[in-house]
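Quick notes on the structure that follows.
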There are 2 protein chains.
Amino acid sequence: MGFRELIRKAREEKGSPIVLALDLPPDKPSKLMRRARQVLEAVALHVCALKVNFHLVLPLGLSGVRPLVDRAHELGLACIMDAKLSDIGSTNEVAARYYFEIGGFDALTASPLVGWEGGLEPIFSLARELGKGTILLAYMSHPGASDFFGLELPDGRRFYELVVEKAIAWGADGLVVGATRPETVRDVRELAGPDVLIFAPGVGAQGGEPRAALEAGADFLIVGRSITLAEEPGKAAERILELLKGR
Amino acid sequence: MGFRELIRKAREEKGSPIVLALDLPPDKPSKLMRRARQVLEAVALHVCALKVNFHLVLPLGLSGVRPLVDRAHELGLACIMDAKLSDIGSTNEVAARYYFEIGGFDALTASPLVGWEGGLEPIFSLARELGKGTILLAYMSHPGASDFFGLELPDGRRFYELVVEKAIAWGADGLVVGATRPETVRDVRELAGPDVLIFAPGVGAQGGEPRAALEAGADFLIVGRSITLAEEPGKAAERILELLKGR
């Protein structure tokens, strides 16, 4: 089963399009690990995937993160490493191999900026070989994203439209488009067609309205601080899910 | 002493513009650490800085890498984390803080694609606060870099020229331009002026000619595999240095 099928199945089984971004504020490794486990257990019923970033990888190391990934898998979640790989091909490949094989992740994110030959190509090859997924940034959620993603090109298109065109041609499994930009989510869905997965971060702390992003065509909402910083992360996730279902 | 001064002083004292990219092929953590130490000790006389990437950070963790950084400092080298940070500001800030405070690095690299507000801005603020350096990708060394860095804009400029303009306005300490593109190095030096540091990777394994990049205006050459994969890394570094000096 490929990544797209895996995460769609998890979404169906959990009845939730929420990807938990386990982005915890800096702390001692032992405390981070304890908090990460707590949040994961409390939230697992209400989310379909776990997304890990450098908040955990840098202090815990990749082998320190692995038990969390294994536990998330046991709990029926897909696991994404939000590496935003942005290097030359040989480095991207080494990093991707560590994330997939040592970290146990099902998919990873990469930056389109490096382009294909000797850049993203080795990640995509490796992912295909291992049955893993690739997700590219199409338009990020923060204000400054417009500096380059919003750039006008000579043919009148915007930079992100070219990114989407190339991402589809390269065979990306998913695209990241900020939930803070529902019009762009709609646009990317039209450009990319129905098969590619759209992940929308920026819900909550960054101001994105969860239902608007889904209605515009996003498949998954990435939610971090509104859940992880809540006193009761389980209840926070449940509330967001109820909001989405219009209850 | 700021980062620019620090690394310029190291270059002068060592008589070498070479930055050692300690990018080792995947292996067990204990073997990686042994090899990393061996290469560092063998090469330290012939290089002015150490650059670390995910080849070491993922298997060893950041606290595992710290002793290497400390040793490199003892040996008179500046230390750069080649993180190519590409995330939203809050995540970039957490990662940068780990790299500077736990990793002990003097500077880090970031991708311009994320833009300023809520993107790169928090990295630059933190770096300034801590007296650390920031280095942005201006034009990478691999073939696929032209997909986006080489893109033509409506005003006739190329994408990388806009990146350089913004990087200078934002106060970047350094820019990365592939040694495989000496004409672009020359162009970036003209655009950026004399104060910003230009780092040129891609010498050796990727085909970049070391003297050409320096003559075009690069301040530092980033060299990895030609040194790290050599049977005698010290001699390999020495040979490159002699080549540079025209001996």
Side-chain angles (χ1 to χ4, degrees), chain A residues 23 25-26 29 53-55 57-64 82-91 94-95 97-99 101-103 111-121 137 140-154 156 159 162-163 166 201-202 205-206 225, chain B residues 23 25-26 29 53-55 57-64 82-91 94-95 97-99 101-103 111-121 137 140-154 156 159 162-163 166 201-202 205-206 225:
Chain A
D23 299 342
N53 202 320
F54 295 108
H55 305 73
V57 168
L58 295 182
L60 300 176
L62 202 48
S63 51
D82 196 5
K84 297 188 171 71
L85 290 177
S86 304
D87 218 306
I88 60 168
S90 58
T91 297
V94 167
R97 198 173 279 284
Y98 276 119
Y99 287 127
E101 296 184 345
I102 308 297
S111 168
L113 181 61
V114 297
W116 188 245
E117 193 186 344
L120 295 173
E121 194 277 328
L137 304 176
M140 295 170 75
S141 54
H142 59 291
S146 63
D147 287 352
F148 292 111
F149 286 102
L151 209 60
E152 196 182 329
L153 302 183
F159 184 83
L162 180 63
V163 167
K166 286 188 184 281
Q206 291 184 66
R225 288 168 278 181
Chain B
D23 299 342
N53 201 320
F54 295 108
H55 305 73
V57 168
L58 295 183
L60 300 176
L62 203 48
S63 51
D82 196 5
K84 297 186 171 73
L85 290 177
S86 305
D87 219 307
I88 59 167
S90 58
T91 297
V94 168
R97 197 172 279 283
Y98 276 120
Y99 287 127
E101 295 184 346
I102 309 295
S111 168
L113 182 60
V114 297
W116 188 246
E117 192 186 344
L120 294 173
E121 194 277 327
L137 304 176
M140 295 170 76
S141 53
H142 60 292
S146 63
D147 287 353
F148 292 110
F149 287 102
L151 208 60
E152 196 183 328
L153 303 182
F159 184 84
L162 181 62
V163 167
K166 286 188 185 281
Q206 292 183 67
R225 289 168 278 180

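So that the names make sense, note that chain A is the first sequence line, chain B the second, and so on, each numbered from 1.
- With rounding to the nearest 0.5 angstrom, the OG atom of B/S86 is 7.5 Å from the CE atom of A/M140.
- Interface remark: A/V57 contributes side-chain atoms only to the contact with chain B (heavy atom separation under 4.5 Å).
- Residue contact with chain B, scored on non-hydrogen atoms closer than 4.5 Å, involves the backbone and the side chain of A/P112 alike.
- With a threshold of 4.5 angstrom between heavy atoms, A/L151 approaches chain B through side-chain atoms but not through N, CA, C or O.
- Of the listed residues (A/G64, A/P201, A/S90), the one with the most heavy-atom contacts under 4.5 Å to chain B is A/S90.
- With chain A as partner, the option from B/G61, B/G119, B/P143 having the largest number of non-hydrogen pairs under 4.5 angstrom is B/P143.
- Using a 4.5 Å cut-off between heavy atoms, B/N53 touches chain A through its side chain atoms alone.
- Counting heavy-atom pairs under 4.5 Å between each of B/A95, B/P59, B/S141, B/S63 and chain A puts B/P59 at the top.
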B/F54 and A/Y99: CA distance, side-chain angles, deciding distance, ring pair (Phe, Tyr, Trp, His ring centres under 6.0 Å) verdict:
CA-CA 10 Å; B/F54 295 108; A/Y99 287 127; 7.1 Å; no
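- Contact of A/L137 with chain B is made through the side chain alone, with heavy-atom distances under 4.5 Å.
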- Task: Could you please spell out the steps behind the side-chain contact (heavy atoms from CB on, under 4.5 Å) verdict for A/F148 and B/V114?
- Result: CA-CA 7 Å; A/F148 292 111; B/V114 297; over 6 Å; no
Fill in: Full working for ring pair (Phe, Tyr, Trp, His ring centres under 6.0 Å) between A/F159 and B/F159
CA-CA 10 Å; A/F159 184 83; B/F159 184 84; 5.2 Å; yes
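- Counting heavy-atom pairs closer than 4.5 Å to chain A, the top-ranked of the candidates B/D147, B/L85, B/D87 is B/D87.
- The closest side-chain donor-acceptor pair between B/S111 and A/S111, if any, does not fall under 3.5 angstrom.
- Heavy-atom pairs under 4.5 Å with chain A peak, among B/I88, B/L62, B/D23, B/L58, at B/L58.
- Of all heavy-atom pairs between B/E152 and A/P154, the closest is O-CD, 3.1 Å.
- At distances below 3.5 Å, not a single donor-acceptor pair connects side-chain atoms of A/H142 with backbone N or O atoms of B/G115.
- Contacts of A/I102 with chain B are absent, with no heavy-atom separation under 4.5 Å from either backbone or side chain.
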